[in-house]
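I have placed the structure first, in the form of structure tokens, so that the comments after it can refer back to it.
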There are 2 protein chains.
Amino acid sequence: MTTTYSIGELAREFDVTTRTIRFYEDQGLLSPRRRGQTRIYSPADRTTLKLILRGKRLGFSLAESRDLIRMYRPASDNRQQLEALLERIADKRAQLERQLADIHVLQTELDDAEARTRQALTAL
Amino acid sequence: MTTTYSIGELAREFDVTTRTIRFYEDQGLLSPRRRGQTRIYSPADRTTLKLILRGKRLGFSLAESRDLIRMYRPASDNRQQLEALLERIADKRAQLERQLADIHVLQTELDDAEARTRQALTAL
DNA sequence: GGGGAAGTTTACGTTAACGTAAAGTGGCTC
DNA sequence: GAGCCACTTTACGTTAACGTAAACTTCCCC
């Protein structure tokens, strides 16, 4: 027997509303099974949701996350498409590198800011 | 004599529209000098703009960037406020750490995706 | 002095990512 | 069988971050 989740369980676990989860489905990022009307989420669905939320924390749009999700499964046997996929993966990688660099710059700027603030405090 | 920039120069350098730069001013993130009606940007203004755009690449809202800008200058001699500032700096630092972790996870996921894609390619 | 180019203000329009409200369904439990 | 809880659909509302258009000024050039 395999574990499943209700929409409410996932909403609570990741601190989002059920509206948000349904919206992601509407946008084609999730497609859970149904038992009657009710949505049943698999561990894979849960992983996908986690991926979306990770993307959000990095400022990705839902379109970008959808792209990321598609990267995560081959879903093609066409040479052209597979090679295009490799390019998109490389692009994403480059974007992540830029973000890493941005974070490092901001971190040292925070270092400076903290130092100056402590200076101002001891100067009182 | 100190270097200055026109709004068009900054727009070209950072690949944004002048509308965007004026919007940031409207939101209180920039406040350039004026010569008559015309805006004159200092190197400090330019640095601020760079900070905003760096924030954007990391998914910060303009409100967050405004906060970041305020962190970058003491702008207070009040003990309470300075200590509050230290907390906000620590918070930002924690957020950046989370983003770092998220990036690392995504990087290894891209590694996997690339490996699987190459597999699929050689399997043709 | 007519025409561009670059600047300005004002104002309405647009898109993404949900929030919020209304009205209904299915299952449980007392 | 009344009430409650978690789920559902439908649909209109909202906010952030600009885009876009109109009408104007300033300066330079020929």
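Note that this is a predicted model, so its numbers are computed, not measured. Below, read A as the first sequence line, B as the second, and so on, with proteins coming before strands; counting in each chain starts at 1.
Taking 4.0 angstrom as the limit, A:Lys56 places a side-chain polar atom (N or O) nearer than this to OP1 or OP2 of C:dC18. Side-chain N/O atoms of B:Arg39 include none lying less than 4.0 angstrom from OP1 or OP2 on C:dG7. The phosphate of D:dG19 (OP1 or OP2) has a side-chain N or O of B:Thr20 nearer than 4.0 angstrom. OP1 or OP2 of D:dT9 lies within a sub-4.0 Å distance of a side-chain N or O belonging to A:Arg34. Remark: A:Ser6 is in phosphate contact with D:dC7, judged by side-chain N or O atoms under 4.0 Å from OP1 or OP2. In terms of phosphate contacts, A:Thr17 brings a side-chain nitrogen or oxygen within less than 4.0 Å of OP1 or OP2 of C:dG19. Contact annotation: B:Tyr24 does not reach the phosphate of D:dA17 (side-chain N/O to OP1 or OP2, under 4.0 Å).
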Full working for side-chain contact (heavy atoms from CB on, under 4.5 Å) between B:Leu121 and A:Leu86:
CA-CA 10 Å; B:Leu121 265 174; A:Leu86 279 181; 3.8 Å; yes
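For the pair B:Gln37 and B:Phe60, nearest-nucleotide mapping onto DNA chain D gives the more 5' position to B:Phe60.
Rounded to a whole Å, the CZ atom of B:Arg12 is 7 Å from the P atom of C:dG7. Distance A:Ile7 CD1 to D:dC5 P: 19 Å, rounded to the nearest Å. Here the P atom of nucleotide D:dA16 and the CZ atom of B:Arg66 are 10 Å apart, to the nearest Å. Protein atom CG of B:Leu29 is 13 Å distant from nucleotide atom C1' of D:dC18, rounded to whole Å. Rounded to a whole Å, the CD atom of A:Glu25 is 14 Å from the P atom of D:dC7. Distance CG (A:Asp15) to P (C:dG19): 11 Å, rounded to an integer number of Å. Counting to the nearest Å, the P atom of C:dA11 and the CZ atom of B:Phe23 are 17 Å from each other. Spacing between atom CG of B:Leu49 and atom P of D:dC18 amounts to 11 Å, rounded to whole angstrom units.
With hydrogens and angles ignored, the 3.5 Å screen pairs a side-chain donor or acceptor of A:Arg66 with a backbone N or O of A:Gln27.
With hydrogens and angles left out, the side-chain atoms of A:Asp45 and A:Ser42 include a donor and acceptor closer than 3.5 Å.
Between C:dA17, D:dT8, C:dT9, one nucleotide has an atom nearer to the side chain of A:Ser61 than all others, and that is C:dA17. For A:Leu62, taking side-chain heavy atoms from C-beta onward, the closest of the listed nucleotides D:dC7, D:dC18, C:dA17 is C:dA17. Residue B:Arg19 has its side chain nearest to C:dA11 when only C:dT8, C:dA11, C:dC18 are considered.
Side chain B:Arg22 to base C:dT9: no donor-acceptor pair is found below 3.5 Å.
The shortest heavy-atom contact between B:Glu64 and B:Gly59 is OE1-O, 4.1 Å.
Put simply, OH on B:Tyr5 and CD1 on B:Ile40 are 12.5 Å apart, with the number rounded to the nearest 0.5 Å.
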